[in-house]
Protein chains: 4
Amino acid sequence: MAGSVNKVILVGNVGKDPEIRRTQDGRPIANLSIATSDTWRDKATGERKEKTEWHRVVVFSEPLCKVIEQYVKKGAKLYIEGALQTRKWTDQSGAEKYSTEVVIQGFNGALTMLDGAGGGRGASVGMQESGADYGSDGGFGSSNSGSGSSGGGDTRRVAKTGAPKGGFDKAIDDEIPF
Amino acid sequence: MAGSVNKVILVGNVGKDPEIRRTQDGRPIANLSIATSDTWRDKATGERKEKTEWHRVVVFSEPLCKVIEQYVKKGAKLYIEGALQTRKWTDQSGAEKYSTEVVIQGFNGALTMLDGAGGGRGASVGMQESGADYGSDGGFGSSNSGSGSSGGGDTRRVAKTGAPKGGFDKAIDDEIPF
Amino acid sequence: MAGSVNKVILVGNVGKDPEIRRTQDGRPIANLSIATSDTWRDKATGERKEKTEWHRVVVFSEPLCKVIEQYVKKGAKLYIEGALQTRKWTDQSGAEKYSTEVVIQGFNGALTMLDGAGGGRGASVGMQESGADYGSDGGFGSSNSGSGSSGGGDTRRVAKTGAPKGGFDKAIDDEIPF
Amino acid sequence: MAGSVNKVILVGNVGKDPEIRRTQDGRPIANLSIATSDTWRDKATGERKEKTEWHRVVVFSEPLCKVIEQYVKKGAKLYIEGALQTRKWTDQSGAEKYSTEVVIQGFNGALTMLDGAGGGRGASVGMQESGADYGSDGGFGSSNSGSGSSGGGDTRRVAKTGAPKGGFDKAIDDEIPF
DNA sequence: TTTT
DNA sequence: TTTT
């Protein structure tokens, strides 16, 4: 099709520790459950309502999976950018099922940790630098960091190599106008 | 949850004429099938591959439904901004099913026509203006067009009103797989 | 123009306390400085590099301005959704200047607080409910929550404490459908 | 910074033919002027208002620059995904100036052609496949298509025929501020 | 079921 | 001016 876009942007919390599986040829696949929540006031009753939506996120990216495995825990708040994908499968009883997921694949999409620690625990962790430049803007390159820290490395890095990014002229390495 | 975001952005083509239903209390609900397509080159064979993804879009907004009813036809290219929502329902055989949809509701989201006419026909159409200042960003205020036009208004209108947000009605708890 | 979209999505930290001004007819306008940061590894030297980008965000929305005035402080992490707008102005010396800003206006855009407190202070605050549901998805309607509360009780909170940051409530540890 | 996102999404028309420059070491840089337009009805007078916003887009990506050079012409409708960046520079009179641009760099961002032809001319063109799979989501991987083609045949095309669909108005051929 |  |  001439020109299509399929993008999902989520900011939400991880509902349980991620699951990492492997394909037959050894590549890792991470599965995340992300909750977003919508709140509103019921017009009639005036009650405060809240509805949580659960999103299944699947990550096909070796470096991202490493990061997830090490630092993403239940409770973590993440920024996720991926694409919608619906899979058809057959359950044990032979019934056809459909499952729609948010897929992060290759250089598409992003996963950024938005809180200081993997899950509110407070530990600050360091993130491996991957050789691959797996981030899109708003992705790992612009993600990360750590905080408070404890025992280990005080940093939680999400790095990004690969490209002479930021290779814009020195000219812009300056101040701000406001 | 403190601070979540649930946003889907699609640019794709309408696969068939929209379906407009009504809730028991008369509010319209539009259903759209949007196709996005991903293409790539198979590394091994060098073949050009394409995979189409179909998205079910549900619109709970009276003015938007009017626009859709009048101008959105099979083949139209649209920009869609909505939220992911998964519904659970039971099919005729009693089996539990889940259906994930992109929902445009109230002031949330947007629907913008990206081609000159509802379906490639070429007619220039006017869109109803709503009293509310419904926005600019990716919303209707910045949508569409019109020109060329014919008899009436050479207007370029689109609408969008408010709506009982969060009000996910029973009304749409019907079937899916489209 | 037929179908355009102008959208900016930022997740970053507030660089200084917001400034709230008023138009001649009394409507509030909030100005925010938001920092985003890009990090990468220098290919040659292996050094870790970081570049901060500052964004000027202008909010034309009474309810949002109230929230900002009360809860957004220097250091707060925000999700911002607005539109790009460039203004031309003349400085005191008569020179023409251009300023590009991220504008949140009316029902367009969103501002969501992503950390536990307005600025790391740790107070638990209640957010006034505005009559209007001024949130777009990913906006206030879908933002957070809070608890603890005080007098009002009926509040819809956005920011709150500092402690259980990332403190993913027990409440949602339940029934994840996958 | 711990987790930041800097993303701009535009759907708009190209105001003039792109300019391609080269860095000293030979890498191409493309500059595009993109117009988005906001329309609304004046509450008081009932008049229909329109405001066009011009965006300067800068592309640091060899494959993308090739595509732009060959297929993007004045009038083309594009989907752009990049990051906000403000540069400081000094004009000929020694005055300090700031310029905010939407930057597409490396694997970050996307550029997708949304209309049938590069600029309303109507030619059917083939798009070179780049060695790199530089993105699917909203990126080139999901763009494309075409037909007609020439030599290569196996090309992955983006633009193509079509009359002056999406008729880009004369109106916006004027006064582009850059 | 679209689009190329 | 933020954040790590």
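Numbered from 1 within each chain, the chains take letters A, B, ... in sequence-line order. Hydrogens, waters and symmetry mates play no part in the numbers below; they use all other heavy atoms, side chains included.
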Measure from CD on B:E19 to C1' on E:dT1 and round the result to the nearest Å.
11 Å

Take the protein atom CG of C:D38 and the nucleotide atom P of F:dT4, then report the distance between them rounded to whole Å.
17 Å

Compare the minimum distances between each of E:dT1, F:dT3, E:dT4 and the side chain of B:E50, then state the nucleotide with the smallest one.
E:dT4

List the residues meeting salt bridge (charged side-chain N to carboxylate O under 4.0 Å, His left out) with B:K49, not counting sequence neighbours, and say none if there are none.
none

side-chain contact (heavy atoms from CB on, under 4.5 Å) with D:S99: which residues, sequence neighbours excluded?
D:R56, D:R87, D:W89, D:E101

Expressed in angstrom and rounded to an integer, what is the separation of C:Y79 atom OH from F:dT3 atom C1'?
20 Å

Check whether the side chain of B:S37 and the base of E:dT3 form a donor-acceptor pair under 3.5 Å.
no

Could you state the NZ-C1' distance from C:K51 to F:dT3, rounded to the nearest angstrom?
16 Å

Atom CG of B:L32 and atom P of E:dT2: how far apart are they, to the nearest Å?
15 Å

Among E:dT3, F:dT3, F:dT1, which nucleotide has an atom closest to any side-chain atom of C:N13?
F:dT3

Looking only at F:dT4, E:dT4, F:dT3, the nucleotide nearest the C:R48 side chain is F:dT4

Separation of atom CG in A:D115 from atom P in F:dT4, rounded to whole Å
11 Å

What integer distance in Å separates B:E53:CD from E:dT2:P?
16 Å

Taken to the nearest whole Å, NZ/B:K77 to P/E:dT2 is 14 Å

Checking D:T86 against D:T100: is there a side-chain donor and acceptor pair closer than 3.5 Å?
yes

For E:dT2, is there a stacking contact with B:W54, counting only centres under 5.5 Å and planes under 30°?
no

Using the rule given for side chain to side chain donor-acceptor pair (under 3.5 Å), can you reason through C:E50 versus C:S37, listing the C-alpha separation, both sets of side-chain angles and the distance that settles it, and then say yes or no?
CA-CA 7 Å; C:E50 175 165 2; C:S37 170; 2.5 Å; yes

